[in-house]
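Below is one structure; the comments refer to it alone.
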Amino acid sequence: MSVRSVCEQGFHTYLAEQHRSSMKSALSKGIFAGAISSGLLALANHYGNLDISWYYVASPFALITASSVAHQAIGESSQDLEHKEAFDAVCGKYAKDDEEEDGE
């Protein structure tokens, strides 16, 4: 997608895309960290003969993934002002170019 098309779609579309991107990133990080944690717990359970049930071994995966997504969802709008400034800085150039073309 080109920069001009993003500017033409407007700030709300740009902001929604930024939120979607940050949520995907939080989900990926949560899945990765949860898988590592559950894997380490499974290894400790196996080699340490801890006799932990399988659902307790899987619980760090679910808890870490859910908490990562929840953390992102709660703080999702904290960077909206920065996104607005970036959008205005980039798209403001296109608006000036369009005004100059209309004036000629």
What side-chain donor-acceptor pairs closer than 3.5 Å can you find for residues 13-27, not counting sequence neighbours?
residue : atom : partner : partner atom : Å
T13     : OG1  : Q9      : O            : 3.4
E17     : OE1  : R20     : NE           : 3.3
E17     : OE1  : R20     : NH2          : 3.1
H19     : NE2  : D80     : OD1          : 2.8
S22     : OG   : Q18     : O            : 3.3
S22     : OG   : H19     : O            : 2.9
S22     : OG   : Q72     : NE2          : 3.1

**Request:** Heavy atoms only: give me the nearest I64-G30 pair and the separation to one decimal.
**Result:**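 Of all heavy-atom pairs spanning I64 and G30, the closest is CG2-O, 3.8 Å.
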**Prompt:** Taking atom OG of S59 and atom CH2 of W54, what is their separation to the nearest 0.5 Å?
**Reply:**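 If we round to the nearest 0.5 Å, S59:OG and W54:CH2 are 10.5 Å apart.
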**Request:** Would you give the length of the straight line joining atom CD of E8 to atom OG of S5, rounded to the nearest 0.5 angstrom?
**Result:**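 Those atoms lie 7.0 Å apart.
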**Request:** Give the cluster check for V57 versus L40: same hydrophobic cluster or not, with ILVMFWY residues linked at side-chain heavy-atom distances below 4.5 Å.
**Result:**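 Unlinked, V57 and L40 end up in two clusters.
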**Message:** When you group the ILVMFWY residues by side-chain heavy-atom contacts below 4.5 Å and let the links chain together, are I74 and V69 in the same group?
**Reply:**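 Different clusters: V69 never reaches I74 through Ile, Leu, Val, Met, Phe, Trp or Tyr contacts under 4.5 Å.
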**Message:** Donor-acceptor check, side chain of T65 to backbone of A62, threshold 3.5 angstrom: yes or no?
**Reply:**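 No; zero donor-acceptor contacts below 3.5 Å.
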**Message:** Using only atom types and a distance under 3.5 Å, with no angle test, would you say the side chain of S38 pairs donor to acceptor with the backbone of F61?
**Reply:**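 Judged by distance alone, yes, a pair lies under 3.5 Å.
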**Request:** Take L41 and Y56 through the test side-chain contact (heavy atoms from CB on, under 4.5 Å) and record every step on the way to the result.
**Result:** CA-CA 9 Å; L41 183 57; Y56 287 122; 5.7 Å; no
**Prompt:** side chain to side chain donor-acceptor pair (under 3.5 Å) with K84: which residues, sequence neighbours excluded?
**Reply:**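 With sequence neighbours excluded, K84 shows a side chain to side chain donor-acceptor pair (under 3.5 Å) to D88, given in chain and number order.
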